[in-house]
Amino acid sequence: MSTTAASAPTFKPFTLALVQLGQIGSDKTANIKHAREMVLKAANRPAGKPDLIVLPECFNSPYGHVHFPVYAENIGYKPGQAYDVSSSPSESVKALSEVAKETGTWLLGGSIPERDETDGKVYNTATVYSPKGELVATHRKVHLFDIDIPGKIKFKESETLTGGSSVNFFDTEFARIGLGICYDVRFPELAMTNARQGCHILIYPGAFNMTTGPLHWELLQRGRAIDNQVYFSMCSPARDLSAGYHAWGHSMVVDPMGRILTEAQHEEDIIYAHIDPKVFHDARTGIPVTTQRRFDVYPDISKGF
């Protein structure tokens, strides 16, 4: 795909739906079935079908480094090459492709644990489907969630996961959309690169916890939106206090001026947002930081992409 901003599609109004999925348990098949039901529910909105539906991080498995290798699936997608969904070894990919085609919507299928078919390494991978059910893009979580806050939370994804090594976006008929996953949001370079590649909105499936969620979930999204003058959104699982990992929830959509357009609470829910290109263009015209950067003083971190 071309990575120049000039090649991006014309930004047009569209409706975004976030599925804050609950009932994620140990039964992968049941998790996938419920995700399908909620995508269908999101698509059957009385006020009109959304153009893009998003699922949360690790929607098909419990969240935890011990679970990732157990639930991992081979996908085998290679950018720029045709992908035959019908022969995919991934149960999740087949189900997501089917429901995208059935609803006739774009679908960002959250993320799933992926095992690379060549080296056996496990990744946290987002997959994207066209309204025809085609797998058109993937994103392997670049930055692994390795943290230790004494007395609060310790988590180390790198015990079983490998970090991705590419910056990714996909083009629709209404926008160019940048991809990231959860912890990627803490690294502004990724969002900056996507924005300079012409992305209009960045969407990150994520699962912040009860320690970092109240502190940084909203702040980071508003920061990335304002820094880059783009729409920004993260889609979380619903909170389940009986699970080993307690998600913060609060899926949200933020506009280029840092305003929260819509926000879920902690329970299972579907939220919608109207994405208006005028807000995007007005932000960049009124506060023209996109043309005021001083790459003669500091480097352009997106150079080379």
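- Residues Ala42 and Tyr272 come closest through the heavy atom pair O-OH, 2.9 Å.
- In this structure, the separation between CZ on Phe59 and CG on Leu96 is 4.0 Å, given to the nearest 0.5 Å.
- With hydrogens and angles disregarded, no donor-acceptor distance shorter than 3.5 Å links the side chain of Trp106 to the backbone of Thr172.
- A pairwise comparison of heavy atoms in Asn31 and Asn60 identifies ND2-O, 3.0 Å as the closest pair.
- Surrounding CG of Leu215 are more than 12 heavy atoms belonging to other residues, nucleotides or ligands, all under 6.0 Å away.
- Applying the salt bridge (charged side-chain N to carboxylate O under 4.0 Å, His left out) test to every pair with at least one member in residues 123-135, sequence neighbours left out, gives no pairs at all.
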Determine, step by step, whether Tyr63 and Phe68 satisfy the ring-ring contact (aromatic ring centres under 6.0 Å, His included) criterion, reporting the C-alpha distance in whole Å, the side-chain angles of both residues, the deciding distance to 0.1 Å, and the verdict.
-> CA-CA 8 Å; Tyr63 190 82; Phe68 300 141; 5.6 Å; yes
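- A donor-acceptor pair is defined here as one N or O able to donate and one able to accept, closer than 3.5 Å; such a pair exists between the side chain of Gln20 and the backbone of Ser251.
- Ile24 and Ser61 make their closest contact through CG2-O, 3.4 Å (heavy atoms, listed as atom of the first residue, atom of the second, distance).
- The main-chain N or O of Val122 is never found under 3.5 Å from a side-chain atom of Arg115 such that the two would form a donor-acceptor pair.
- Residues Val185 and Arg224 share a closest heavy-atom pair of O-NH1, 2.8 Å.
- Taking NZ from Lys141 and CG from Leu179, the interatomic distance works out to 14.0 Å, rounded to the nearest 0.5 Å.
- Both Ile177 and Leu202 belong to a common hydrophobic cluster when Ile, Leu, Val, Met, Phe, Trp and Tyr are linked at side-chain heavy-atom distances under 4.5 angstrom.
- Judged by distance alone, with hydrogens and angles left aside, the side-chain atoms of Glu73 form a donor-acceptor pair with the main-chain N or O of Ser92 at under 3.5 Å.
- Two rings, from Phe187 and His143, have their centers less than 6.0 Å apart.
- A donor-acceptor pair under 3.5 Å is formed between the side chain of Ser233 and the backbone N or O of Met252.
- Of all the heavy atoms in Pro256 and Ala283, the pair that sits closest is CB-CB, 4.0 Å.
- Of the inter-residue distances, the one linking Arg176 atom CZ with Phe11 atom CZ reads 13.0 Å to the nearest 0.5 angstrom.
- Atom CD1 of residue Ile275 and atom CZ of residue Phe174 lie 9.5 Å apart, to the nearest 0.5 angstrom.
- Linking Ile, Leu, Val, Met, Phe, Trp and Tyr whenever their side-chain heavy atoms come within less than 4.5 Å leaves Ile270 and Leu52 in two separate clusters.
- One distance of note links CD of Glu37 with CG of Leu21; it measures 10.0 Å at 0.5 Å rounding.
- Judged by distance alone, the side chain of Ser111 and the main-chain N or O of Ala126 form no donor-acceptor pair under 3.5 Å.
- For the pair Lys94 and Glu98, the salt-bridge criterion is not met [side-chain N within less than 4.0 Å of a carboxylate O].
- Asp282 and Thr285 are not linked by any side-chain donor-acceptor pair at a separation below 3.5 angstrom, with hydrogens and angles left out of the test.
- With rounding to the nearest 0.5 angstrom, the CG atom of Asn124 is 13.5 Å from the NE2 atom of His65.
- The side-chain hydrogen bond (donor to acceptor under 3.5 Å, both in side chains) check on Glu91 picks up Thr29, with sequence neighbours excluded.
- Within a 6.0 Å sphere centred on NZ of Lys28, heavy atoms belonging to other residues, nucleotides or ligands number more than 12.
- With respect to the salt-bridge test (charged N to carboxylate O, under 4.0 angstrom), the residues Asp276 and Lys278 do not qualify.
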For Phe280 and His200, what are the C-alpha separation, side-chain angles and deciding distance, and is it a ring-ring contact (aromatic ring centres under 6.0 Å, His included)?
-> CA-CA 8 Å; Phe280 174 92; His200 305 108; 5.4 Å; yes
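- Considering His139, Gln197, Arg140 in turn, His139 is the only one that fulfils the side chain to side chain donor-acceptor pair (under 3.5 Å) rule with Asn168.
- Taking the six-membered ring for Trp and thresholds of 30 and 60 degrees, Phe232 and Tyr204 have ring planes inclined between 30 and 60 degrees apart.
- Between Ala243 and His246 the shortest heavy-atom distance is O-NE2, 3.1 Å.
- Under a 3.5 Å cut-off, the side chain of Arg259 and the backbone N or O of Val254 do not form any donor-acceptor pair.
- At least one donor-acceptor pair closer than 3.5 Å links the side chain of Glu57 to the backbone N or O of Ala207.
- Legend: salt bridge (charged side-chain N to carboxylate O under 4.0 Å, His left out) pairs involving residues 39-52, not counting sequence neighbours: none detected.
- Panel note: side chain Ser97, backbone Val93; no donor-acceptor pair is recorded below 3.5 Å.
- Thr103 places a side-chain N or O within 3.5 Å of a backbone atom of Val99 that can act as its donor or acceptor partner.
- A perpendicular orientation is assigned to the rings of His67 and Tyr71, their planes being inclined by more than 60° (bins at 30° and 60°).
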